There are 2 protein chains.
Amino acid sequence: MKDVAALAGVGLKTVSRVVNGEPGVREETATKVRAAIEQLRFRRNDGARLLRQGSRTRSIGLILEDLADPFYALLSRAVEDVARAHGSLLLIGSSAEDPVRERELALDFCARRVDGLIIVPTSGDHGYLADELAAGTAVVCADRPAAGLPVDTVLADNRSGAADGVGHLIRQGHRRIGYLGDALGIYTAIERLDGYREAMAAAGYGIGEHWVAMGKPDPLGVRFALDRMLSGPEPVTALMCGNSRTTVAVLRELSTRPSSPALVGFDDFELADMLPTPVTVVAQDPATMGRMAAGLLFRRMDGEQAQPQQLQIPTRLIQRGSGERSL
Amino acid sequence: MKDVAALAGVGLKTVSRVVNGEPGVREETATKVRAAIEQLRFRRNDGARLLRQGSRTRSIGLILEDLADPFYALLSRAVEDVARAHGSLLLIGSSAEDPVRERELALDFCARRVDGLIIVPTSGDHGYLADELAAGTAVVCADRPAAGLPVDTVLADNRSGAADGVGHLIRQGHRRIGYLGDALGIYTAIERLDGYREAMAAAGYGIGEHWVAMGKPDPLGVRFALDRMLSGPEPVTALMCGNSRTTVAVLRELSTRPSSPALVGFDDFELADMLPTPVTVVAQDPATMGRMAAGLLFRRMDGEQAQPQQLQIPTRLIQRGSGERSL
DNA sequence: TTGAAAGCGCTAACAT
DNA sequence: ATGTTAGCGCTTTCAA
């Protein structure tokens, strides 16, 4: 900028005025300055600008489990759109469900002075964010709450969604219903499992010893779980799956077996309607989740001071066939 | 930092030393400083640090078509992993295939002084990047080249991949093969169409008047295209689809019809193997593409001066059934 | 309409 | 081992 000023034969501030479209520059002078800018290929350094202005950096950070997961990819895109509408850039990072990694990312983002942070919290402790919050960084949680951190949070209606799915199976006449969910320790896994239990209890049905299997959705684990659930004197006649990856793993395993229990999955996925037996699901809405989380974040950044709120997004049962196989 | 220095009763530079773990501070002094840091909840402002150091900002930008698209989501994750390994943060933005938006994003990123930029170029002009290149920002293109911009580029082997798929159909005995691809103007759409033409020509087969349909993969367009291809005196007996979204749209439309032509899709997609007729595809590898693009980018950022290179990632034909229906 | 000086928060280069 | 000064590239303040 100094060079531009020198070349144009004007003061530093005049260049600044031209660059920022501020008034108070004669058109003639402005033209000279623009020529110099062109010639020197000058680009304003926004880092320096932000530093001096001491204002917002017009950037937000998003930390989620895995950017490549379709659910989070959709959520990210919604966040991006809102950020864009507010003139903010988006920094993004995948925690891979690792609290250490999440923390590193969050602190890195804060060191860069993002104006706000949207986090899909891992199961670790989030005390470290309290300082950042106090320092004025807006924080919003999406998909899961951060234990003990008083921030706006957007969740799906996990518990009643799962209960809905299970209730649906019960209405088809099923009494012995198995549940396959994600690793315990993940908030949504626990909530949905609770929903399953509630629905079974509400119907007055007991839960067999081997009917619940929680864990990362790997093929082998799913196979063993199904072995146990589908054998013995009282095999399950229906399955509720706690997330779409598990649903797919279960479908793959079932496709190698003769038996075909009824099945409802939590979380919709692409082509669920095109499979040999179209899959009934309790659908979430990742785009809405992202949009709402970002909306809350920007409200906070705009100075909203109200008590942190917790928003729940309803789930929706989509009947496609796999859940309507009666006994 | 000034406050920390005052509270600890030391000089500014001493605080800086402690914060950055530089040697030359007595443990006793360091302890005092750390106490002050704790008390004041001091966090170094990386923006100021970067400005002063004049060095890299340890951040890169990624601009793609749509973050929510599974292909780009996988690519993004791979880029993120490489960036992480190099200690860089990732700024991300979706161009939505709009050259204006792409340009805005790119220039915003450059104004923030990202060290490098990975772009999935839209069809617009990319001259504006020449200045940034000259200014020292590393640029790499992924998935498509940027016309007239001399930068490293990573592409799938679109043409021979499509030719492979078509050749496969030909080997099954098909002579009348239709092609449905993305909107012309998109680089990959043209390349793959050319591959189809080459394969047909190589076999000595002509291409019927209505056998090629290019456009956004919307259900209506696909329906009309299939109407034309599958009717008349010489209906096609096989289809090649130019991208996974088109493939899915075609499958949906075909599921409402009695006829079932053989089908090969370009680009793999989840559950392709689980559909009633598992789908044969020419698979790309988005993760490898992202990894390679990021690898090239960091090599450039490390000072690599060689001529821009163009890398091609081979595609892979995966036979699953839909492409093996012989006549 | 214009520009000189001060300073954003930090670090490099020198002091001491 | 520690502190002082200057300055990264910009904007703010205030004076001309």
Side-chain angles (χ1 to χ4, degrees), chain A residues 1-37 40-59 107-115 132 135-137, chain B residues 1-37 40-59 107-115 132 135-137:
Chain A
M1 202 160 192
K2 213 162 49 180
D3 300 341
V4 173
L7 179 60
V10 302
L12 207 53
K13 178 65 210 184
T14 301
V15 178
S16 174
R17 287 201 179 90
V18 172
V19 168
N20 297 304
E22 287 168 27
V25 182
R26 249 191 325 194
E27 188 47 39
E28 189 185 316
T29 319
T31 307
K32 270 195 306 186
V33 171
R34 272 189 281 268
I37 287 176
L40 262 37
R41 291 201 167 83
F42 167 80
R43 315 264 157 199
R44 181 179 65 197
N45 181 330
D46 276 5
R49 172 175 219 235
L50 260 12
L51 175 60
R52 176 61 242 237
Q53 290 188 146
S55 61
R56 319 246 81 146
T57 58
R58 298 189 151 279
S59 61
L107 293 180
D108 271 4
F109 287 173
C110 288
R112 301 290 177 118
R113 295 294 188 269
V114 294
D115 304 324
E132 307 302 335
T137 309
Chain B
M1 203 156 191
K2 213 163 49 181
D3 300 340
V4 172
L7 179 61
V10 300
L12 205 54
K13 181 62 208 184
T14 301
V15 178
S16 174
R17 287 200 178 92
V18 172
V19 168
N20 296 303
E22 286 170 27
V25 182
R26 246 193 326 192
E27 188 45 41
E28 187 187 317
T29 319
T31 306
K32 271 196 306 189
V33 171
R34 272 190 282 267
I37 286 175
L40 263 38
R41 289 199 168 84
F42 167 80
R43 315 265 155 199
R44 180 180 66 196
N45 182 329
D46 275 6
R49 171 174 221 237
L50 261 11
L51 176 60
R52 176 59 242 239
Q53 291 190 148
S55 61
R56 319 247 83 145
T57 59
R58 298 189 150 278
S59 61
L107 293 181
D108 272 4
F109 288 172
C110 288
R112 302 290 178 118
R113 295 295 189 269
V114 293
D115 304 324
E132 307 301 337
T137 309

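Keep in mind it's a predicted model, so treat the numbers as computed, not measured. First the proteins, then the strands, lettered A, B, ... as listed; each starts at 1.
DNA chain C is contacted by T14(A), R17(A), G24(A), V25(A), R26(A), T29(A) of residues 14-34 of chain A, taking any non-hydrogen atom closer than 4.0 Å.
If you check every strand for non-hydrogen atoms under 4.0 Å, R43(B) touches sugar and phosphate atoms only.
Taking atom CZ on R52(A) and atom P on dG9(C), their separation rounds to 9 Å, with Å as the unit. Between K2(A) atom NZ and dG7(D) atom C1' the separation is 8 Å, expressed in whole Å. Put simply, CG on L12(B) is 11 Å from P on dC8(C), counting in whole angstrom units. The distance from atom CZ of R113(B) to atom P of dC8(D) is 14 Å, rounded to the nearest whole Å.
In this structure, R43(B) places its CZ atom where more than 12 heavy-atom neighbours from other residues, nucleotides or ligands lie under 6.0 Å away.
For the OP1/OP2 pair of dT11(C) and a distance below 4.0 Å, the side-chain nitrogens and oxygens of R49(B) include at least one atom meeting the criterion. Within the structure, every side-chain polar atom (N or O) of Q53(A) is placed at least 4.0 Å from both OP1 and OP2 of dC8(C).
Between F42(B) and V19(B), the closest side-chain pair of non-hydrogen atoms falls below 4.5 Å. Within the 4.5 Å cutoff, no side-chain heavy atoms of R112(A) are placed close to those of T57(A). Side-chain contact between D46(B) and R49(B): present, with at least one pair of heavy atoms (C-beta onward) separated by less than 4.5 Å. Put simply, the side chain of V15(B) does not reach to within 4.5 Å of the side chain of K2(B), judged on heavy atoms.
Nearest nucleotide to the side chain of L51(B), out of dT11(C), dG9(D), dT11(D): dG9(D). When each of dT11(C), dC8(D), dG3(C) is scored by its nearest atom to the side-chain atoms of M1(B), the top-ranked nucleotide is dT11(C).
Between the N20(B) side chain and the E22(B) main chain, no donor and acceptor come within less than 3.5 Å of each other.
Where R44(A) and K13(B) each meet DNA chain D at their nearest nucleotide, the meeting point lying more 5' is that of K13(B).
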